[in-house]
Amino acid sequence: MSDIRIFDSKDELGRAAARRGAEAIREAIRAHGKASIIVATGASQFEMLNHLVEEKGIDWSCVTAFHLDEYVGIKKEHPASFRRYLQERFVDRLDGEVTLHEINAEGDAQAEAKRISALIMDESIAVCFGGIGENCHLAFNDPPADFDTLEPYIVVNLDEACRKQQMGEGWFPTLADVPQQAISMSIQQIMESALIVTSVPDERKALAVKHALEGPVDVNYPASILQRHPNVAFFLDKPAASLLS
C-alpha cells in the first residue's frame, strides 16, 4: 500500500516531500558514510527542491546525485535544459558540495546513455525524488513504457502529450521546438531505489494520479508500476488528488 499524503498547498507538499527524502539521505550517510540519490526536474519539483537544499544535518559532500532524464540535442544553456535546472536549483544552492552526474545528450545519445548507465549500475540508491507526467509517464518513459529493460538509462521517443506538457509549462515556445527524444532513466532502475518520493501538484495531473494509484499496473500508465514498489510515498495537493476514490 502506498503512503499517500494530501496537502492544501504546493509549498506544504514540497516541504513534506523534502523532509521525507532528507531523512533517507541522513540515514544512508549514517549507515554507509555516503548516499546516492536521484533528483527529478520540472515544475512539479520546484517547491520540493527549494526545501531540500534547506534541510539541516545533511553533509552534501557525501552525496552523489543522478538525474532522471535530459532532452537529446539540448545545450546546457537552453532554458529547458535539465542540467541547467539542477545546476541552478540544486548544485549552486548547495555551493557545489554535492556531486551531480549530469546527462549530456548534446551528442551521441546512445553512447551517453551507456556512459551514465555504467556510473549508476553498481550504486545503491537511498532515495529517488520523482513526479508523474500528465500522460502518467515516469521520468520520460512515455506510454507504452518498457517495464522490462534492465538498462539503467535508455534513449526514448517522447509522445505528443508529453511534448505538449513541456510546451504548456513554458519551457518551449512552440511544439516544434520540443525535442522528440530524450535520455531517460529506465523503469527498472527507478524501481531499484530504496525509497521513492513522488511529488505531484496540480489538477492537470489528477487523472494520471488516479491511474497510477487506483488503476491496474499497465504499460500505458507507466507510473502505475509504483504500486509494486515496497516503499513509495506520494505527496499530492488537493487538486492532484481530486479524482481519487
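In this chain, numbering begins with 1 at the start of the sequence shown.
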Do [X] and [Y] come within less than 4.5 Å of each other through their side chains, counting heavy atoms only?
{"X": "Ile196", "Y": "Phe129", "value": "no"}
{"X": "Ile190", "Y": "Leu68", "value": "yes"}
{"X": "Glu55", "Y": "Ile58", "value": "yes"}
{"X": "Asp237", "Y": "Val200", "value": "no"}
{"X": "Leu52", "Y": "Phe90", "value": "yes"}
{"X": "His32", "Y": "Glu27", "value": "no"}
{"X": "Ser245", "Y": "Lys210", "value": "yes"}
{"X": "Phe66", "Y": "Leu119", "value": "yes"}

Could you measure the distance from the [atom1] atom of [X] to the [atom2] atom of [Y]? Nearest 0.5 Å is fine.
{"X": "Lys205", "Y": "His211", "atom1": "NZ", "atom2": "NE2", "answer": "14.5 Å"}
{"X": "Leu244", "Y": "Leu236", "atom1": "CG", "atom2": "CG", "answer": "6.5 Å"}
{"X": "Glu192", "Y": "Leu150", "atom1": "CD", "atom2": "CG", "answer": "8.5 Å"}
{"X": "His229", "Y": "Ser193", "atom1": "NE2", "atom2": "OG", "answer": "6.0 Å"}
{"X": "Leu207", "Y": "Ile132", "atom1": "CG", "atom2": "CD1", "answer": "11.0 Å"}
{"X": "Cys128", "Y": "Leu226", "atom1": "SG", "atom2": "CG", "answer": "8.5 Å"}

Single-linkage hydrophobic cluster, 4.5 Å side-chain cutoff, [X] and [Y] together:
{"X": "Ile25", "Y": "Ile125", "result": "no"}
{"X": "Val209", "Y": "Leu138", "result": "yes"}
{"X": "Ile74", "Y": "Ile154", "result": "yes"}
{"X": "Leu195", "Y": "Met191", "result": "no"}
{"X": "Met121", "Y": "Ile187", "result": "no"}

Apply the test side chain to side chain contact (heavy atoms under 4.5 Å, CB included) to residues Thr149 and Gln188: give CA-CA distance (whole Å), side-chain angles for both, the deciding distance (0.1 Å), then the verdict. CA-CA 7 Å; Thr149 183; Gln188 286 294 331; 5.8 Å; no
Identified ring-ring contact (aromatic ring centres under 6.0 Å, His included) counterpart of His78 within the set Phe172, Tyr85, Tyr71: Phe172
Enumerate donor-acceptor pairs with a distance under 3.5 Å from any side-chain N or O in residues 175-183 to protein atoms, sequence neighbours excluded.
unit_1 : atom_1 : unit_2 : atom_2 : d
Asp177 : OD2    : Thr174 : N      : 3.3
Asp177 : OD2    : Thr174 : OG1    : 2.7
Gln181 : NE2    : Asn157 : OD1    : 3.0

For Asp202, give me all partners under salt bridge (Lys or Arg N to Asp or Glu O under 4.0 Å), at least two apart in sequence or on another chain. Lys10, Arg204
Test salt bridge (Lys or Arg N to Asp or Glu O under 4.0 Å) applied to Lys114 - qualifying residues, sequence neighbours left out: none
Restricting to pairs with a member in residues 97-112, which pass salt bridge (Lys or Arg N to Asp or Glu O under 4.0 Å), not counting sequence neighbours? Lys75-Glu106, Lys76-Glu102, Arg83-Glu106, Glu112-Arg115
Quick note, salt bridge (Lys or Arg N to Asp or Glu O under 4.0 Å) partners involving residues 14-23, not counting sequence neighbours, are Asp3-Arg20, Asp11-Arg15
Ser224 side chain to Asp218 main-chain N or O, any donor-acceptor pair under 3.5 Å? yes
Check: Ser81 side chain, Glu77 main-chain N or O, donor-acceptor pair, under 3.5 Å: no
Should the heavy atoms of other residues, nucleotides or ligands under 6.0 Å from CD of Glu203 be counted, would the total exceed 12? no
For atom CD of Glu12, is the number of surrounding heavy atoms from other residues, nucleotides or ligands below 6.0 Å larger than 12? yes
Test Arg89 against Asn50 for side chain to side chain contact (heavy atoms under 4.5 Å, CB included), laying out the working first. CA-CA 7 Å; Arg89 296 177 178 273; Asn50 185 52; over 6 Å; no
Distance-minimising heavy-atom pair for [X] and [Y]:
{"X": "Cys162", "Y": "Asp159", "value": "N-OD1, 2.8 Å"}
{"X": "Arg26", "Y": "Lys56", "value": "NH1-O, 2.6 Å"}
{"X": "Leu158", "Y": "Arg163", "value": "O-CD, 3.6 Å"}
{"X": "Pro144", "Y": "Asn220", "value": "CB-OD1, 3.8 Å"}
{"X": "Ala126", "Y": "Ala28", "value": "CB-CB, 3.8 Å"}
{"X": "His67", "Y": "Leu86", "value": "CB-CD1, 3.2 Å"}

Short side-chain donor-acceptor distance under 3.5 Å, Asn141 and Asp146: no
Applying side chain to side chain contact (heavy atoms under 4.5 Å, CB included), run through Asp69 and Met185 and close with a yes or a no. CA-CA 6 Å; Asp69 40 36; Met185 185 174 288; over 6 Å; no
Donor-acceptor pairs under 3.5 Å, side chain of residues 34-48 to any protein atom, not counting sequence neighbours: which ones?
unit_1 : atom_1 : unit_2 : atom_2 : d
Ser36  : OG     : Glu123 : OE1    : 2.6
Gln45  : NE2    : Gly130 : O      : 3.1

If the threshold is 4.0 Å, N to carboxylate O, is there a salt bridge linking Glu134 and Lys164? no
Please test Tyr153 against Ser184 for side chain to side chain contact (heavy atoms under 4.5 Å, CB included), starting from the C-alpha separation and ending with a verdict. CA-CA 6 Å; Tyr153 283 90; Ser184 177; over 6 Å; no
Over 60° means perpendicular and under 30° means parallel, so tell me whether Phe7 and Phe235 are parallel, tilted or perpendicular. parallel
